[in-house]
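I have placed the structure first, in the form of structure tokens, so that the comments after it can refer back to it.
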Amino acid sequence: MNIKPNDERVKELSKILLKHQYLYYVKAEPEISDREYDALFDELTKLETDYPELQYPDSPTKRVGSDLDNTLPEVEHTIPVLSLDKCYSTEDLTQWIEKVVRLAEEKVSIVVEQKIDGASIVLYYSNGILERAVTRGNGSVGNDITENVKTIPSVPLHLNQNIDIVVRGEIFIGKKSFQKYNAESGGIYSNPRNLAAGILRSVKSSKAAAVPLDVFIYEGYIEGSDFSHVEILDYLDKMGFRINQQIGYFSSENKDAEAAKNLRPSWFFGNMNDIESFIEQKQKQRSSLDYEIDGLVLKVNEIPIREKLGYTAHHPRWAVAYKFEAPQAVTKLLGITPQIGRNGRITPVAELEPVELAGSKISRATLHNQDYINMLNLCIGDTVTISKRGDVIPAVEEVLEENHDGNKVWVLPDECSECGTPLKRDGAHSFCTNFFCPERVVGRLAHFAGKAGLDINGLGEKTVRFLFNKGFIKTPADFYNFNYELLLDEEGFGEKKINLIREGLNKSKNKPFPAVLTALGFEGLGKRTVEVLVENGFNKMRDILSAAKNKDIEAFALIDGIGDVLAELFVKEFSNSHNLDIINRLTDLGLKMEYEKKDNAKDKQIFVGQRWCVTGSFENFKPRDKAKIELKKRGAAVLISISSKTTHLLAGDGAGSKLSKAENLGVTIVDEKEFLKMIK
Ligand code: IVH
């Protein structure tokens, strides 16, 4: 039996990897290089693949997610997951503090924390191991999203001690990460909070793993302890949780603050009179943070006083949220229109009584999806608040007053409102699956001509919709063949506008191949994926089409950053006769169907047509990705594993199984010295 040594090694590797994940993601103080980390990770993955019985629920490999479907069952919380009472002015806050001090009847301290604007989560640990991650839901029942949460590197999969503990926290995505991810996804997410909440409900945890989610833990429930809140936070921190360090502690007795300073020198300590200026200062810092906060939370520090103050059904009386004002307005919900995106996704849109908000007149706001509507209990006729967060699309935030017409919570119809096709639910969203649904066609045409596509002057969404409704334009090529003179009699189509469109269309013929590929709007082909394809040898439409025609899924799947799911989609999209017709017609019209590199790069294209794989470590390329960049710059495709199609293996020190596989397959093996000569 050699199971035991393997089991021991798995446990040892897990321990080491979890420690380094913690140092890297929670503490931001890595102790080993990426390469060393990768080697350990690869070793553990291999053992787990070879011996599935050694896959433990807290394995650090869970961080990469899986392609298996998660369903999101409902589970009951073992603690009441309450919300927070809110206040909006410092006067209200002062009153709240005074009341707490009065009711406490003993010395009391207040902790001020940032109110993170993300998705609320409850983590259940049993015997030190993360057993379950559950959304807040309605406070007593939430959705089990454990598999998705396990992919978040700053969520500990197991703790430093084998204890049973429940913690609450907020999952969020940083502002910069949000911008990057949203741009790559075609700008479909209105703000970081909705992206985080949406991704956490993904049916495949590999999807969650692809988004840089993060967590802050702010409450811990430890049975039998007599810790105060700050002591709990300190304890949670030591246990491996990520705790927000922007904390203020304010005591009704000065000497307490002095004593508490020893706990965490980085926290702010003061007396009750310091709260107001602390809040002012925190409010000023808001815009410079890399994550969204929508206020501050004030909490009583002493647990016995918390118990004394008690709870309402909705919130504890020992805490209050001081909300920063997001530009908000109050209006009435007149109706809800399901909007159909080009990929078929349905977004319910609120039709509102027009109202001024942050300088513009608003009559529509997003409702995201049915779950969001259910969460708000939203009915037509309700009086609602709407807000604009981070200057993006306005959203309906909450119901202020229920309607008096007896309307019930609005429910998305079973069929597409445009074409009648039954809707299909996938994760949090519903989809119209009819490729030729008129709304989807308009969406594709508007994408082709819009900012994310070829950005053609004069062909904004309104014009595209008009041209489609009139029956003039059905596919992208029609834009180029249509005689715009015919529109001179139509309102809004003067000589000037028509010239603008013509000029825009001519310019679009010079847009580079990646822009054309993105403009096609095929499934899975966002801007970032197009870049990856083009960088890895697919810089001619011809080559893409021939790989798709030969059903050569591997040719796409082996590219770093593509994978099986996208590869299958590409083969489907680029062999579908409707799409081929679009491509042929655009080719005939003279749109760019291959990528011409700039002149200064031309003489360096020494690896064109070659398919390289990189393994081991290198003196001159640290991290290894630097070697991949050199290869791609010179036209090579860089693949993640060796196959019969690989032409070259760049092998560094410690090259393992890839080297022997390459040798067996007769792949040309290049070492670092030789490689340096080649690229000189
Ligand atoms: S304490 C029983 N602390 O705000 C007390 N909540 O609007 C529970 N939130 O559902 C909440 N940052 O998701 C607390 N530092 C913080 C928080 C925080 C964000 C969220 C939390 C809660 C919501 C209430």
Side-chain angles (χ1 to χ4, degrees), residues 79-118 120 136 139 168-170 216-221 227-233 243-244 246-257 260 267-286 289 292-328 330 385 387 397-401:
I79 51 160
V81 186
L82 298 178
S83 192
L84 288 169
D85 199 11
K86 286 176 236 156
C87 73
Y88 293 91
S89 68
T90 42
E91 290 78 39
D92 289 350
L93 213 52
T94 314
Q95 272 184 17
W96 181 84
I97 297 168
E98 281 168 6
K99 192 168 155 199
V100 164
V101 172
R102 187 161 31 87
L103 293 176
E105 295 176 307
E106 58 183 299
K107 73 172 182 202
V108 57
S109 43
I110 302 283
V111 180
V112 182
E113 298 169 5
Q114 290 176 332
K115 186 170 184 310
I116 314 297
D117 194 10
S120 199
R136 199 182 91 80
R168 281 191 65 178
E170 200 82 354
F216 278 127
I217 300 299
Y218 47 69
E219 286 289 316
Y221 305 85
F227 285 162
S228 70
H229 181 61
V230 279
E231 285 164 344
I232 291 175
L233 292 179
I243 307 297
N244 187 333
Q246 303 291 319
I247 281 180
Y249 168 101
F250 305 91
S251 176
S252 58
E253 290 192 17
N254 290 351
K255 63 176 184 0
D256 267 22
W267 296 354
F268 180 89
F269 294 92
N271 63 39
M272 295 291 180
N273 297 331
D274 299 322
I275 295 186
E276 207 171 317
S277 64
F278 181 78
I279 286 178
E280 228 170 79
Q281 183 207 344
K282 288 289 146 199
Q283 193 154 3
K284 280 196 195 124
Q285 281 172 1
R286 182 187 187 187
L289 297 171
E292 298 274 5
I293 61 172
D294 58 343
L296 298 168
V297 185
L298 277 73
K299 301 173 176 178
V300 168
N301 182 41
E302 293 75 19
I303 308 301
I305 302 182
R306 286 188 176 189
E307 295 309 320
K308 188 168 173 181
L309 294 171
Y311 305 81
T312 72
H314 168 262
H315 61 258
R317 292 204 184 84
W318 47 259
V320 68
Y322 171 66
K323 295 265 275 189
F324 298 148
E325 281 161 66
Q328 279 200 339
V330 176
T385 52
S387 80
E397 291 289 336
E398 63 182 336
V399 173
L400 275 191
E401 197 189 322

From [X] [atom1] over to [Y] [atom2], what is the distance, rounded to the nearest 0.5 angstrom?
X	Y	atom1	atom2	result
N244	I217	CG	CD1	11.0 Å
F216	K115	CZ	NZ	14.5 Å
D85	Y322	CG	OH	15.0 Å
Q95	T90	CD	OG1	10.5 Å
K86	D92	NZ	CG	13.5 Å
L82	S120	CG	OG	10.5 Å

State whether the side chain of [X] and the backbone N or O of [Y] hold a donor-acceptor pair below 3.5 Å, judged by distance alone.
X	Y	result
S252	K107	no
E170	D117	no
Q328	T385	no

TODO: Go through the steps for V112 and K282 under the test side-chain contact (heavy atoms from CB on, under 4.5 Å), then give the verdict.
DONE: CA-CA 10 Å; V112 182; K282 288 289 146 199; 5.8 Å; no
Within a strict 4.5 Å, meaning less than it, do heavy atoms of the [X] and [Y] side chains meet?
X	Y	answer
R168	Y221	yes
Y249	L233	no
K299	V230	no
F324	L296	yes

To check you understand the geometry: which heavy-atom pair defines the closest contact between [X] and [Y], and what is its length?
X	Y	answer
R317	T312	NH2-CG2, 3.8 Å
L289	I293	CD1-CD1, 3.7 Å
V81	R136	O-NH1, 2.5 Å
P316	S83	CD-O, 3.1 Å
L298	I279	CD1-CD1, 4.3 Å
I303	H229	CD1-N, 4.2 Å

TODO: Determine, stepwise, if the pair K323 / E398 fulfils salt bridge (charged side-chain N to carboxylate O under 4.0 Å, His left out).
DONE: CA-CA 14 Å; K323 295 265 275 189; E398 63 182 336; over 6 Å; no
Task: Q285, CD: over 12 other non-hydrogen atoms inside 6.0 angstrom - done: yes
Task: Test applied, ring pair (Phe, Tyr, Trp, His ring centres under 6.0 Å); reference residue, F250; option that passes from W267, F269, F268 - done: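 Answer after filtering W267, F269, F268: F268.
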Open item on the list: The test is side-chain contact (heavy atoms from CB on, under 4.5 Å); show your working for L103 and K308 and say whether it passes.
Closed with: CA-CA 8 Å; L103 293 176; K308 188 168 173 181; over 6 Å; no
Open item on the list: Quick one, M272 with V108, criterion side-chain contact (heavy atoms from CB on, under 4.5 Å). Give me CA distance, side-chain angles, the key distance, then yes/no.
Closed with: CA-CA 10 Å; M272 295 291 180; V108 57; 4.3 Å; yes
- [ ] Walk me through it: do Y218 and Q114 pass the test side-chain contact (heavy atoms from CB on, under 4.5 Å)?
- [x] CA-CA 10 Å; Y218 47 69; Q114 290 176 332; over 6 Å; no
